[in-house]
Undergrad: 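Before I ask anything, here is the structure I am working with.
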Amino acid sequence: MNVGVIGSGYVGLVAGTCFAESGNDVVCADVNEEKIAMLNRGEIPIYEPGLEQMIATNAEAGRLQFSTDIIQCIQGSEVIFIAVGTPEDTDGSADLKYVLQVAEQIGKNMNGPKIVVNKSTVPVGTADLVRAEIEKHTSLPFDVVSNPEFLKEGSAIDDFMKPDRVVIGTSSVEAAEVMRELYSPFVRTDNPILVMDNKSAEVTKYAANSLLATKITFMNEIANLCEQVGADVAQVRKGVGTDARIGPSFLFPGVGYGGSCFPKDVRAMIRTGQENDVEMSVIKAVDFANNEQKKRLTKKVISHFGESNIKGKTFAVWGLAFKPKTDDMREAPSLTIIQDLIKLGAKVQAFDPEAMEVAKKMFQSQGSPIELSETSYDALNGADALIIVTEWNEFRRPNFTKMTQCLKSPIIFDGRNLFDPSKMSRLGFTYYSIGRQVAGA
Ligand code: NAD
């Protein structure tokens with residue numbers, strides 16, 4: 001099948017590459033010339049495990065091409081995926097400007113029947129808007145399919161190649177059949193392809209992300225309670241997660257969710273509720289509680305040192321990406337923590353295994369207020385304490401002796417519960433974590 005993917009970011013690039021991997025001829029198009037030039041040189045603009053190799057193999061086989069020529073991408077494809085960004089608008093809603101720009105371009109450049117697939121996360125009713133926009137410019141036949149994406153950064157290839165389910169929103173039997181054919185190589189273990197109407201597919205994506213954000217936030221709140229009452233959230237998590245009705249995933253407490261999806265999708269869901277006179281009280285509370293949770297670690301730092309003593313202190317930060325195995329820092333908790341510390345007059349030395357380039361660009365635009373260290377141990381040199389924000393594997397088993405030698409004082413604020421409190425106490429650390437008692441204080 002000839003497949004066009006417009007928007008070659010995390011989602012478009014992964015989807016396009018995986019469709020090429022299953023034998024389709026794919027053109028990934030993007031307006032970002034620098035991104036396409038990099039891809040054509042064999043450089044990958046994002047960090048995603050396994051992606052580089054898969055792109056190289058498929059590009060070499062001639063099945064995967066990268067282009068800034070959107071018109072050619074439209075005209076050469078039977079199925080066109082829209083995978084552009086849908087960032088948060090000022091009122092919390094998803095900004096559909098890029099999606100509708102692409103719809104307009106498709107309408108203006110149609111050269112035969114097409115299936116237009118909304119892969120971007122878009123609010124309910126967007127398929128109708130896309131259809132109306134295309135219809136303004138063409139009388140050729142086309143279908144609009146809503147096909148939300150559920151991949152996770154860090155395991156995007158695996159998630160795409162082995163999805164729990166594929167959601168296809170369409171009222172066209174023919175379009176559903178083409179989509180089934182496209183996705184059938186990825187559901188060979190009989191995971192379902194769920195065909196439903198466009199609106200239900202659009203709501204499914206927001207409902208799934210909001211529910212996951214709720215699970216995380218709920219457990220963060222339980223963790224905060226555990227701290228106050230002398231309970232251990234690690235035990236509570238096991239006690240709760242072994243209930244088959246609840247399940248073990250998304251119950252690890254931390255410093256709040258971040259990233260390019262949960263925060264904006266939760267807020268877009270709230271906005272959709274407002275527009276439709278539905279009080280989304282649970283999700284509103286989730287958004288509020290998550291913003292508070294991002295401040296939680298800094299509050300522990302303040303209560304340990306005293307607010308007036310933070311000025312002039314140096315803090316090592318391990319982990320900048322919003323989660324491990326990605327270099328994405330969009331709405332990362334690290335940003336809130338670093339900004340709060342800097343506001344209090346502290347100095348920050350940070351390290352992340354993959355997000356250093358992204359961080360450099362991000363902090364350069366703010367006048368480089370932090371120091372980016374070469375290694376995790378460099379970040380500790382002369383620091384008054386370590387703050388752990390992202391649970392990268394390499395932070396799980398560090399050399400504690402070396403850590404005590406590098407740090408000015410052996411104090412750790414761990415936002416991801418990487419270590420055992422009693423062991424940390426034995427090693428001579430003062431160790432704060434989330435939902436557990438302070439060790440060694
Ligand atoms: P991204 O910002 O990484 O990539 C979007 C790309 O679209 C950019 O490269 C941009 O240059 C390009 N673009 C913008 N306007 C364009 C236009 N008119 N023509 C061609 N290209 C254009 O975004 P992303 O993370 O890939 O997300 C894309 C969509 O998928 C969003 O709606 C997001 O919510 C959703 N989504 C993201 C994830 C994720 O983990 N990142 C997961 C599921 C769904």
Side-chain angles (χ1 to χ4, degrees), residues 6-7 9-12 81-107 116-137 142-151 165 167-172 175 194-218 250 256-294 330-331:
I6 304 182
Y10 281 88
V11 167
F81 282 84
I82 305 178
V84 296
T86 46
E88 186 173 346
D89 213 338
T90 43
D91 62 0
S93 63
D95 186 350
L96 293 177
K97 132 172 112 235
Y98 305 114
V99 170
L100 294 176
Q101 264 168 15
V102 175
E104 183 187 350
Q105 271 184 305
I106 294 174
V116 177
V117 188
N118 264 341
K119 177 64 86 189
S120 300
T121 301
V122 288
V124 60
T126 303
D128 294 340
L129 297 179
V130 167
R131 195 174 292 118
E133 185 58 44
I134 298 174
E135 264 167 2
K136 274 191 216 164
H137 309 285
F142 67 92
D143 284 307
V144 177
V145 173
S146 308
N147 171 221
E149 181 49 55
F150 299 97
L151 63 77
R165 78 312 204 181
V167 171
I168 310 281
T170 180
S171 50
S172 154
L194 304 170
V195 179
M196 55 183 81
D197 62 277
N198 288 91
K199 285 187 175 168
S200 302
E202 289 166 337
V203 173
T204 298
K205 174 65 191 175
Y206 283 99
N209 271 5
S210 299
L211 190 53
L212 292 170
T214 303
K215 228 176 154 185
I216 294 171
T217 307
F218 180 85
F250 279 78
Y257 60 76
S260 64
C261 290
F262 285 179
K264 84 168 169 60
D265 292 351
V266 161
R267 291 194 284 267
M269 189 77 172
I270 294 169
R271 186 69 202 152
T272 299
Q274 280 164 350
E275 285 165 1
N276 291 282
D277 258 343
V278 178
E279 181 62 35
M280 308 298 281
S281 52
V282 173
I283 308 172
K284 268 188 193 164
V286 166
D287 187 43
F288 173 81
N290 190 61
N291 288 332
E292 290 302 300
Q293 194 70 14
K294 285 182 173 182
R330 290 179 279 188
E331 298 220 29

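Throughout, residue positions are numbered sequentially from 1 according to the sequence presented. A quick note: this is a predicted structure, and the numbers were derived from the prediction, not measured.
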Undergrad: Could you walk me through whether Lys136 and Glu133 pass the salt bridge (charged side-chain N to carboxylate O under 4.0 Å, His left out) test, one step at a time?
TA: CA-CA 5 Å; Lys136 274 191 216 164; Glu133 185 58 44; 3.0 Å; yes
Undergrad: Supply the atom-to-atom distance Thr217 OG1 to Ile283 CD1, rounded to the nearest 0.5 angstrom.
TA: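 Rounded to the nearest 0.5 Å, the OG1-CD1 separation comes to 11.0 Å.
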Undergrad: When you compare the side chain of Val122 with that of Glu202, does any pair of heavy atoms fall below 4.5 Å?
TA: yes
Undergrad: To the nearest 0.5 Å, what is the distance between CZ (Phe142) and OG (Ser172)?
TA: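 One finds 11.5 Å between CZ of Phe142 and OG of Ser172.
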Undergrad: Measure the spacing between OG of Ser171 and CG of Asp143 and express it to the nearest 0.5 Å.
TA: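 Between Ser171 OG and Asp143 CG, I get 7.0 Å after rounding to 0.5 Å.
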Undergrad: Does the side chain of Ser146 come within less than 4.5 Å of Val117's, by heavy atoms?
TA: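 Heavy-atom side-chain distance check fails, nothing below 4.5 Å.
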Undergrad: Taking salt bridge (charged side-chain N to carboxylate O under 4.0 Å, His left out) as the definition, give me every residue that meets it alongside Arg131, ordered by chain and number, with sequence neighbours left out.
TA: Asp128
Undergrad: To the nearest 0.5 Å, tell me how far Thr204 OG1 sits from Lys199 NZ.
TA: 14.0 Å
Undergrad: Could you tell me whether a side-chain N or O of Asn276 sits under 3.5 Å from a main-chain N or O of Val278, the two making a donor and an acceptor?
TA: no
Undergrad: So how far is it from Ile270 CD1 to Asp265 CG, rounded to the nearest 0.5 Å?
TA: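 Atom-to-atom, Ile270:CD1 and Asp265:CG are 11.0 Å apart.
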Undergrad: Does a salt bridge link Glu331 with Arg267, judged by any charged N lying under 4.0 Å from a carboxylate O?
TA: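 Salt bridge: yes.
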Undergrad: Flag the pair Phe81 / Ile6 as yes when at least one side-chain heavy-atom distance between them is below 4.5 Å, and no otherwise.
TA: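 Counting from C-beta outward, Phe81 and Ile6 never come under 4.5 Å.
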Undergrad: Sequence neighbours excluded and cut-off under 3.5 Å, please list the side-chain donor-acceptor pairs for residues 99-107, or say none.
TA:
unit_1	atom_1	unit_2	atom_2	d
Glu104	OE2	Lys108	NZ	2.7

Undergrad: Is it the case that over 12 heavy atoms from other parts of the model lie below 6.0 angstrom from the CZ atom of Phe150?
TA: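 Yes, because the 6.0 Å sphere around CZ of Phe150 holds more than 12 heavy atoms from other groups.
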Undergrad: Could you tell me the separation between the CZ atom of Arg330 and the OG atom of Ser260, rounded to the nearest 0.5 Å?
TA: 4.0 Å
Undergrad: Which pair of non-hydrogen atoms, one from Pro148 and one from Val167, has the smallest distance, and what is that distance?
TA: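 Looks like CD-O, 3.7 Å.
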Undergrad: Would a distance-only check, ignoring hydrogens and angles, find a side-chain to backbone donor-acceptor pair under 3.5 Å from Asn118 to Val144?
TA: no
Undergrad: Evaluate Asp91 against Ser93 for side chain to side chain donor-acceptor pair (under 3.5 Å), listing each step before the verdict.
TA: CA-CA 6 Å; Asp91 62 0; Ser93 63; 2.6 Å; yes
Undergrad: If you take all heavy atoms of Glu149 and Leu151, which pair is closest and at what distance?
TA: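 Taking every non-hydrogen atom into account, OE2-N, 2.9 Å.
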Undergrad: Going through the distances and angles, do Lys97 and Asp95 end up as a salt bridge (charged side-chain N to carboxylate O under 4.0 Å, His left out)?
TA: CA-CA 6 Å; Lys97 132 172 112 235; Asp95 186 350; 3.1 Å; yes
Undergrad: Parallel, tilted or perpendicular, judged at 30° and 60°: which one describes the rings of Phe262 and Tyr257?
TA: perpendicular
